[in-house]
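Take a look at the structure set out below.
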Amino acid sequence: MHSAAEESDTWQDLPEFDADLDDPASDEPVEVTLEISELDESDALDRDDSNAQDLDVGVELDLTLDTAQDAGGHDLVLDIGQLLDAQEEQAADQTDDAAGPLDEGATADVPELDERAAAADEDLDADLDDDGLDEALPGMDADEEGDFGEDVSSLWSSDEFVADETLPAWSAQRWAAEGPVLDARALAAITCAQGNVVAGGQEILWQQGERTARLAVDSGSVVSLALGGSRADSVLYVTALGRLLRRRAGGAVEHCDAWRSCEGMTSSRAVVLELSQPSARAPNTVLLRTSTGSLLCSEDFGASFFTVPAPGDVVALSQASDPAWVLVESRTGLTLAEVNVPGRSLRQVPLDRAAELVARGQSLKLAASGSLVAIADEARGVAVSYDAGKSFSLVAGTSNASAWTAGEHAGSTTLWLSVVEESTSRSWILRVTRGLAERVAELGGRAPAGPGRAPEGVEESSDNVRISALCWDDASSLLWGVGGFGIVSWRLPKDGNE
């Protein structure tokens, strides 16, 4: 006769217990009495589910057999772990049964599976060999030194490569915000020339001296800008929807679609565009980079375009810079190139180790002015060259850079960066001279109310103090920045102190 343990609130989901004790001389059932002893508190502590199956709970069953053959008591220890294992085996058997009976010759197929796996591994090894990866990867023998290459190892151990969150030290000359922060809907692009400043985003702000005009934006928000005309009175802008538009001061919006016919594209195809002005001496000349990798040029401020041949896809374009620079990606890798607009050609310059390290980033930007060329990536930081791209050096403390620009200041070519510090919800303005970065200003954080803070009513967060674009105005020595906060400018005080 079998007896089953009754369900209770204490013992859940246990399989049926079979004492497997039958009295051979009697049909009477065996009486089973459960006596559960309490666990010692110290033993009960720090036990998790993984150890529960190995726990002997000490359950004893006193069996009283009313037979002449065995009138004594019996002790039976109930092992919970074995019961749970039995339940799992039963569930596994049910799963196997549901999947169908197992063929008697199934084991004969196992070597065939191993052979197929080995063949697949051989094919994979062959593919890797075809790509030449075996030669590129270092040895994996723990007893042998991998051939990583002297250049790479020295680069990672170099003190120059410090792509961490350590911010540069403060400059002895701190810059102050010029005037109040101008509130505006989120701005993403800015350009300036001859005392005019134009910023764009969900609207266009056009500042001429003391006057500021607000213009509506057609076809989405502005992502790139250029100022043209002899008096910088025309703006050419690109929207997020891939539209190229032109507007003169006080005039109507003009659609500039000539670039599409130059590329052989229909008006329905969406393409991301980026504008650049290669020289202030030719204000109506603009470069246009497309997300398809083409580089186009217009000498009549967007009315017509021609193609600048490139040996690959153009993946980055410097903004207002003289001359303009591009990064070109081809089958042989990345190459830096100077744009020769009159000659409609590119002068290629190979990347050195520092430049290539940054150029492998995912969000590449270029900044240039004269012989200064900077390659920037938000995650990898900045590599800067002062000899027209012949040699680069990594600038410490420039990771998390969100915007950059370059220009002449105090007789030297200077690179300006904005770096986001999310932990304190502020942005820092960095000035890079002779390959060294220093902090000169801040936006947000503990800055006093007024200049240098986000507009009143705008929550001060890393998104609202993140600078989307910078622009340096050589004529006024003002550094302009735009973002979700609106637009702000910084200037070095006459005494050099705040």
Side-chain angles (χ1 to χ4, degrees), residues 162-184 186-190 192 197 199 201 205 365 367 374 376-379 381-382 384 395-407 409-410 414-433 435-473 476-498:
V162 191
D164 53 22
E165 302 300 327
T166 303
L167 289 167
W170 271 103
S171 168
Q173 296 179 322
R174 300 194 184 188
W175 291 54
E178 180 80 3
V181 176
L182 180 60
D183 188 10
L187 300 174
I190 188 170
C192 52
V197 179
L205 290 181
K365 294 290 183 181
D377 176 73
E378 187 163 355
V382 174
V384 63
V395 183
T398 57
S399 57
N400 293 327
S402 63
W404 32 78
T405 189
H409 175 251
T414 302
L415 176 67
W416 307 91
L417 302 171
S418 65
V419 174
V420 182
E421 189 180 47
E422 296 185 357
S423 60
T424 59
S425 297
R426 56 182 156 181
S427 286
W428 303 98
I429 301 298
L430 307 185
R431 178 177 59 188
V432 180
T433 53
L436 297 177
E438 57 185 358
R439 278 183 286 175
V440 296
E442 67 176 301
L443 177 70
R446 296 186 297 272
R453 283 186 66 91
E456 186 176 354
V458 176
E459 180 185 356
E460 204 163 77
S461 66
S462 59
D463 291 335
N464 288 331
V465 299
R466 180 187 179 88
I467 298 175
S468 301
L470 288 171
C471 178
W472 171 253
D473 188 354
S476 62
S477 295
L478 282 174
L479 179 67
W480 294 88
V482 295
F485 53 85
I487 181 172
V488 67
S489 62
W490 294 270
R491 182 196 298 274
L492 177 65
K494 293 181 180 180
D495 59 0
N497 298 306
E498 288 184 318

Practice problem: Determine the interplanar angle of the Trp472 and His409 rings, folded into 0 to 90°, and report it as parallel if under 30°, tilted if 30 to 60°, perpendicular if over 60°. | Solution: perpendicular
Quiz item: Is the ring centre of Trp416 less than 6.0 Å from the ring centre of Trp480?
Solution: no
Exercise. First locate atom OG of Ser402, then atom CH2 of Trp428, and finally report the distance between them rounded to the nearest 0.5 Å.
Key: 14.0 Å
Quiz prompt | Residues Arg174, Val440; criterion side-chain contact (heavy atoms from CB on, under 4.5 Å); working and verdict | solution = CA-CA 5 Å; Arg174 300 194 184 188; Val440 296; 5.9 Å; no
Practice problem: Return the minimal non-hydrogen interatomic distance between Trp170 and Arg439, and the atom names on each side. | Solution: CE3-O, 3.3 Å
Exercise. Output yes when a side-chain donor or acceptor of Thr398 lies under 3.5 Å from a complementary backbone atom of Val382, and no otherwise.
Key: yes
Quiz item: Could you give the distance from SG (Cys471) to CD1 (Ile487), rounded to the nearest 0.5 Å?
Solution: 9.0 Å
Practice problem: Dump the intermediate steps for side-chain contact (heavy atoms from CB on, under 4.5 Å) on Ile467 and Val488, then the final yes or no. | Solution: CA-CA 10 Å; Ile467 298 175; Val488 67; 5.9 Å; no
Quiz item: Closest approach of Val465 and Gly444, non-hydrogen atoms and distance?
Solution: CG1-CA, 4.0 Å
Quiz item: Given Val197 and Leu478, is the side-chain contact (heavy atoms from CB on, under 4.5 Å) satisfied, shown in steps?
Solution: CA-CA 11 Å; Val197 179; Leu478 282 174; over 6 Å; no
Quiz item: Atom CG of Leu167 and atom CG of Leu430: how far apart are they, to the nearest 0.5 Å?
Solution: 7.0 Å
Quiz item: Quick check: does any side chain N or O of Arg431 sit under 3.5 Å from a backbone N or O of Glu438, one acting as donor and the other as acceptor?
Solution: no
Quiz item: Looking at CG of Leu470 and OG of Ser489, how far apart are the two atoms once the value is rounded to the nearest 0.5 Å?
Solution: 11.5 Å
Quiz item: Of the non-hydrogen atoms in Ala437 and Ala396, which two are nearest, and what is the gap between them?
Solution: CB-O, 4.1 Å
Quiz item: Under the salt bridge (charged side-chain N to carboxylate O under 4.0 Å, His left out) criterion, do Arg466 and Glu378 qualify, and how do the steps go?
Solution: CA-CA 12 Å; Arg466 180 187 179 88; Glu378 187 163 355; 2.9 Å; yes
Exercise. Check whether any side-chain heavy atom of Thr405 lies under 4.5 Å from a side-chain heavy atom of Leu479, and answer yes or no.
Key: yes
Quiz item: For Ala367 and Leu415, which heavy atoms make the closest approach, and how far apart are they?
Solution: CB-CD1, 3.9 Å
Quiz item: What heavy-atom pair brings Val384 and Gly435 nearest, and what distance separates the two atoms?
Solution: CG1-CA, 4.3 Å
Quiz prompt | Nearest atoms (heavy-atom pairs only) where Leu492 meets Trp175 | solution = N-CE3, 3.0 Å
